[in-house]
Structure formats: structure tokens, C-alpha cells
Amino acid sequence: MNLFGLEINLLYVFGVLAAIAVGLVVLGILLGTALAVWFWKTRKVLLPRLTVILMNFFEVPVHALLSLLGIKKDSAYIIREEMLNKLYEKDYEKVPADKRIIFLPQCLRNTKCPAPVDEEGIHCIKCGLCGIGNFMKKAEEYGVKVFIAPGGSMIPKIFKKYKPKAIFGVACHPEIRLASDLVVWMNIPAQAVPLLKDGCVNTEVDWEEAERVAFKGLKKRNKKGKKRNPHKPA
Ligand code: SF4
């Protein structure tokens, strides 16, 4: 091919471009793995956004390399979750309670849960059969909305209606991983706590940890619904 008087060998150009693309992929995989290992060994956060993006984009090869280095799949998920929490922690803390939304999975409910369900999910009546009721009481004290989603399709509708500026979620590792793509893409400050035991029913979470992370930066409200004066004793 002749371009501006220069003879260009198309095969050569494609060869160079392909070599650059392969080089970038290899570099991305190695960098994603190196950043994940660095965090796992030192607990020091280095380039959290890049780590999450590379770990998501090159998930299979990065997980394979981490596994070869003795870091199993669940640990790789935990690295990504902790990175995500570190990435958005400061921004999340600044978002007021009425602009936050909490998502809890319905699998945390007791199998005899009497709560009614509508298009905004399950409405816990705090019957005491599972830990959700107690968490709901705390959320009310802080003034944060909680949604218990019976399925993922409900979540976009809630986003559209309430337009949250920050989100907190409890979910299994694969669901947090899926949500992390969306969160990084939308750049919404998000925090997550993984289930300790996952499955379809009778799952478990560390409720103390969930409360600590979900209500970061908030003050409890008094009975009239106003924030407590931080200078007065509670
Ligand atoms: S505490 Fe709420 S979510 Fe749990 S079983 Fe009772 S009504 Fe259902």
C-alpha cells in the first residue's frame, strides 16, 4: 500500500499492532497480579482503582497466577473487596445518611420470615428471627434506607428512583465482584462486606462488621429524626 508516498507493508503493520496488544495484555496481567500480591502481603494500598480494574478485566489469568502463588480464589475476591473499600472509604464517609442506600441479600432472612414483599423488595418487620431486624433498627437510628432485594433486577429500579450518592452492600464474593464493575464505572462511593457463609438460604454475615462499615461517618439521630449534637452525651 502506498500512503503519502510511503510504501507501507500492511502485514508488517498488523504484526506490530498485534505484538503491542499482546504486550499490553501481558503487562496488564502481570501488573494486576503484582498489585494484588503486594496488597495481600503488606496490607498497604497501592493504586486501588487500577488494581480493581486490572483484576476485573483480566480476572481468569490474574486468579490463575495468584493461585500459583498460593493465593486462592476466595482470597483474590477478598483482595478486590478490600481494595474497593479502601478506594471509596473517604468519599463514602462524607455522604449523608439520606443519600445512602443499603442492600442486603434476602438469603440472610430466616426461612420462616413473615415480611411482606412488593416492588421495592422485602419489608422486614423486625420479628427477631434473623439478624436483619436488628440491623434495620440501627439503620433507622442513622436514617439510612435499607433494601432487601429478592433478585438483582430490582436494583436498577431502586437506583433510578432514589439516585443514591453512596451504596453499601452485603453479598457473596461473586456478586460483589459483579457490582464492583458497575461501581467503578459509575464512580459511586461504595462499600461492601462479604457473606461469611453463602448459599440460597440461611447465609451468615458478621453483623458487627456490616454496621461498622455501613454507618461510617454518620451520627445517630434523636427521636425527632434530627442528628444528635455531637457535643452532648448520647
Ligand atoms: S427479622 Fe425481618 S427479615 Fe428477619 S425473619 Fe424477621 S421479618 Fe424477616
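Just follow the structure's listing: the first ligand is 1, and inside any ligand the first atom is 1.
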Qualifying side chain to side chain donor-acceptor pair (under 3.5 Å) pairs, either residue in residues 11-40, two or more places apart: none

Could you work out, with side chain to side chain contact (heavy atoms under 4.5 Å, CB included) as the rule, every residue matching Ile125, not counting sequence neighbours? Pro114, Pro116, Cys127

Does Lys216 form a salt bridge (Lys or Arg N to Asp or Glu O under 4.0 Å) with Glu93? I'd like the steps, not just the answer. CA-CA 5 Å; Lys216 267 186 227 174; Glu93 279 178 10; 5.2 Å; no

Taking the six-membered ring for Trp and the full ring for Phe, Tyr or His, determine whether the centres of Tyr77 and His63 are under 6.0 Å apart. yes

Going by an N to O cut-off under 4.0 Å, is there a salt bridge joining Lys157 and Glu119? no

Protein N, O or S atoms less than 2.8 Å from atom 2 (Fe) of ligand 1, ignoring waters? Cys124 SG

With side chain to side chain donor-acceptor pair (under 3.5 Å) as the rule and sequence neighbours excluded, what pairs involving residues 122-136 come up? Asp118-His123, Lys126-Glu140

